[in-house]
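Order of appearance sets the numbers: ligands from 1, and atoms from 1 within every ligand. In this chain, numbering begins with 1 at the start of the sequence shown. Note that the coordinates shown come from a computational prediction; the quantities given were computed from them, not determined experimentally.
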Amino acid sequence: MNDLFADFDDGLPQREDLAAGVVLLRGFAREQTASLLLAVAQITQASPFRQMSTPGGYRMSVAMSNCGALGWIADSQGYRYAARDPLNNHAWPAMPEVFLALARSAALEAGFADFLPDVCLINRYAPGTKLSMHQDKDEADFSAPIVSISLGLPAIFLLGGLQRNHPSQRIGLSHGDVLVWGGPARLRYHGVLALKQDSHAELGACRINLTFRQAA
Ligand code: MD3
Ligand code: FE
């Protein structure tokens with residue numbers, strides 16, 4: 001059997017408009033899995049995954065690292081972008097070409113030309129790990145979209161509204177799915193439900209999410 005239709009054989013459309021400014025590209029990153037995982041391993045050798053503490057003193061259950069000119073950090077002082085990894089005081093690892101190319105082509109496919117991310121936040125989830133509802137608002141300019149690549153275990157993503165108390169819709173994100181959001185959706189609340197106990201063929205009991213942002 002050939003794999004000419006490997007990207008389409010789940011019978012789902014390739015591009016799904018979930019809401020104004022929110023586009024889901026199912027399986028868009030699947031064929032790049034090996035190179036993406038190799039790059040994640042190299043990045044996290046220099047800047048290891050760590051669970052950051054919120055300004056309120058809670059330890060996040062998601063483990064994080066970054067690559068690019070800047071990295072997103074949380075500590076007792078707040079949330080911000082920083083040019084150096086506070087664990088080693090070195091610059092964050094450079095953004096690999098495969099990351100940049102994939103993020104740019106996903107943004108273009110979703111209708112956002114000239115996306116030039118300077119940060120990739122790498123989130124690692126184990127079963128039980130969740131991400132509470134929040135807005136991404138630490139970036140200087142909200143006119144750029146955000147691109148998110150999901151690898152490994154599936155997750156249920158919550159897409160809320162522009163206010164915390166607005167109802168949210170649930171979206172299943174699987175291995176290789178890419179979500180792009182911008183424009184009117186850029187400041188929508190969102191989160192990730194606790195991962196189910198499970199194992200993925202390539203990543204084991206793990207979900208990796210790559211989030212690309214233009215922060216400066
Ligand atoms: C849709 N990460 O790191 S990315 C984050 O899966 C973060 O690790 C999640 O939220 C993760 O800040 C989700 C997908 C995402 C993020 C923000 C959105 C989708 C969005 C904002 C509005 C609409
Ligand atoms: Fe977010």
Side-chain angles (χ1 to χ4, degrees), residues 15-26 28-29 36 40 44 49-52 54 60-68 70-74 78-81 92 99 102-103 106-107 110-112 115 117-139 141-164 166-196 200 203 206-215:
R15 184 198 150 124
E16 223 175 304
D17 289 278
L18 297 179
V22 185
V23 178
L24 174 55
L25 304 170
R26 289 194 193 272
F28 192 84
L36 293 173
V40 168
T44 56
F49 283 116
R50 81 293 306 263
Q51 289 172 273
M52 301 183 192
T54 68
M60 300 181 72
S61 66
V62 182
M64 299 177 166
S65 184
N66 291 275
C67 65
L70 296 170
W72 184 86
I73 59 173
Y79 305 107
R80 65 193 177 280
Y81 287 94
W92 296 99
F99 278 29
L102 195 50
F112 299 94
F115 179 50
D118 50 8
V119 178
C120 174
L121 172 64
I122 306 173
N123 290 333
R124 188 185 66 189
Y125 297 74
T129 301
K130 66 173 171 55
L131 186 63
S132 304
M133 291 296 276
H134 66 278
Q135 292 172 295
D136 289 14
K137 55 178 184 189
D138 301 320
E139 301 73 29
D141 180 354
F142 300 138
S143 64
I146 298 184
V147 171
S148 139
I149 300 177
S150 291
L151 297 170
L153 286 181
I156 296 172
F157 174 75
L158 296 174
L159 175 58
L162 292 172
Q163 287 172 236
R164 190 180 286 280
H166 284 172
S168 54
Q169 40 174 309
R170 293 172 174 223
I171 299 156
L173 291 180
S174 302
H175 178 66
D177 289 352
V178 179
L179 198 54
V180 181
W181 70 99
R186 180 60 181 76
L187 289 172
R188 286 177 73 153
Y189 277 87
H190 57 279
V192 178
L193 292 183
L195 251 68
K196 275 193 345 181
H200 183 268
L203 283 92
C206 178
R207 170 177 187 259
I208 301 274
N209 181 264
L210 309 175
T211 301
F212 295 88
R213 307 191 177 106
Q214 210 165 290

### Task
Would you sort out whether V62 and R124 count as a side chain to side chain contact (heavy atoms under 4.5 Å, CB included), showing the intermediate values?
CA-CA 6 Å; V62 182; R124 188 185 66 189; 5.7 Å; no
### Message
Just to confirm my output: which protein heavy-atom neighbour is closest to atom 3 (O) of ligand 1, and how far is it?
### Response
N123 ND2, 2.9 Å
### Task
Anything under 30° is parallel, anything over 60° is perpendicular, the rest tilted; go ahead and classify H200 against H175.
tilted
### Task
Have a look at ligand 1 and work out which part of V62, if any, has a heavy atom under 4.0 Å from it: side chain, backbone, both or neither.
neither
### Query
Checking side chain to side chain contact (heavy atoms under 4.5 Å, CB included) for the pair R188/L162: CA distance, chi angles, key distance, verdict?
CA-CA 5 Å; R188 286 177 73 153; L162 292 172; 3.8 Å; yes
### Query
Just how far is it from atom CG of D136 to atom CG of L121, taken to the nearest 0.5 Å?
8.5 Å
### Query
Heavy-atom distance under 4.5 Å between the side chains of V147 and L102, does that happen here?
no
### Test ring pair (Phe, Tyr, Trp, His ring centres under 6.0 Å) applied to H166 - qualifying residues, sequence neighbours left out
none
### Message
Which of the numbered atoms in ligand 1 are under 4.0 angstrom from any heavy atom belonging to R188?
### Response
21 (C), 22 (C)
### Query
In degrees, rounded to 10 degrees, what angle do H190 atom NE2 and H134 atom NE2 make at the Fe ion (ligand 2)?
90°
#### Entry: Contacting atoms of ligand 1, where contact means under 4.0 angstrom from a heavy atom of R207
6 (O), 8 (O), 11 (C)
### Query
For ligand 1, which part of L159 has a heavy atom less than 4.0 Å away: the side chain, the backbone, both, or neither?
side chain
### Query
Between H134 and ligand 1, which part of the residue brings a heavy atom under 4.0 Å of the ligand: side chain, backbone, both or neither?
side chain
### Task
Please name the pair of heavy atoms, one in R164 and one in Y189, separated by the smallest distance, quoted to 0.1 Å.
N-CE1, 3.2 Å
### Message
Just verifying a value: how many Å separate R186 CZ and I146 CD1, rounded to the nearest 0.5 Å?
### Response
3.5 Å
### Task
Could you tell me whether the side chain of R207 reaches within less than 4.5 Å of the side chain of L173, counting heavy atoms only?
yes
### Query
Does D138 offer a backbone N or O that forms a donor-acceptor pair with the side chain of R213 under 3.5 Å?
no
### Task
Check if R124 has a non-hydrogen atom at a distance under 4.0 Å from any atom of ligand 1.
no
### Task
Return the option from S148, G182, S150 holding the heavy atom at the smallest distance from atom 4 (S) of ligand 1.
S148
### Message
Closer than 4.0 Å to some heavy atom of V192 - which atoms of ligand 1 meet that?
### Response
6 (O), 9 (C), 11 (C)
### Task
Quick one: look at Y125 and ligand 1, take heavy-atom pairs under 4.0 Å, and tell me if it's side chain, backbone, both or neither.
side chain
### Message
Applying a heavy-atom cut-off of 4.0 Å, say which part of I146 lies close to ligand 1: side chain, backbone, both or neither.
### Response
neither
### Query
With a 4.0 Å heavy-atom cut-off (strictly under), which part of L121 contacts ligand 1: side chain, backbone, both or neither?
side chain
### Query
Do you know which N/O/S atom name in D136 is closest to the Fe ion (ligand 2)?
OD1
### Non-hydrogen atom of M64 closer than 4.0 Å to ligand 1
no
### Task
Measure the distance from atom 17 (C) of ligand 1 to every protein heavy atom, then report the residue, atom name and distance (to 0.1 Å) of the closest one.
W181 CZ2, 2.4 Å
### Euclidean distance, M52 CE relative to S65 OG, rounded to 0.5 Å
7.5 Å
### Summary
In this structure, atom 7 (C) of ligand 1 is nearest to the protein heavy atom L131 CD2, 3.4 Å
### Query
In ligand 1, which numbered atoms sit nearer than 4.0 Å to a non-hydrogen atom of D136?
12 (O)
## Note on the structure
Residues passing the ring pair (Phe, Tyr, Trp, His ring centres under 6.0 Å) test with F49, sequence neighbours excluded, are none
### Summary
With heavy atoms and a 4.0 Å threshold, my read on which part of F157 contacts ligand 1 is side chain
### Task
State, with a plain yes or no, whether a side-chain heavy atom of F212 is found less than 4.5 Å away from one of I149.
yes
### Summary
Checking heavy atoms under 4.0 Å, the part of R213 that sits near ligand 1 is side chain
### Query
Are any of the N or O atoms of H190 closer than 3.5 Å to those of ligand 1?
yes
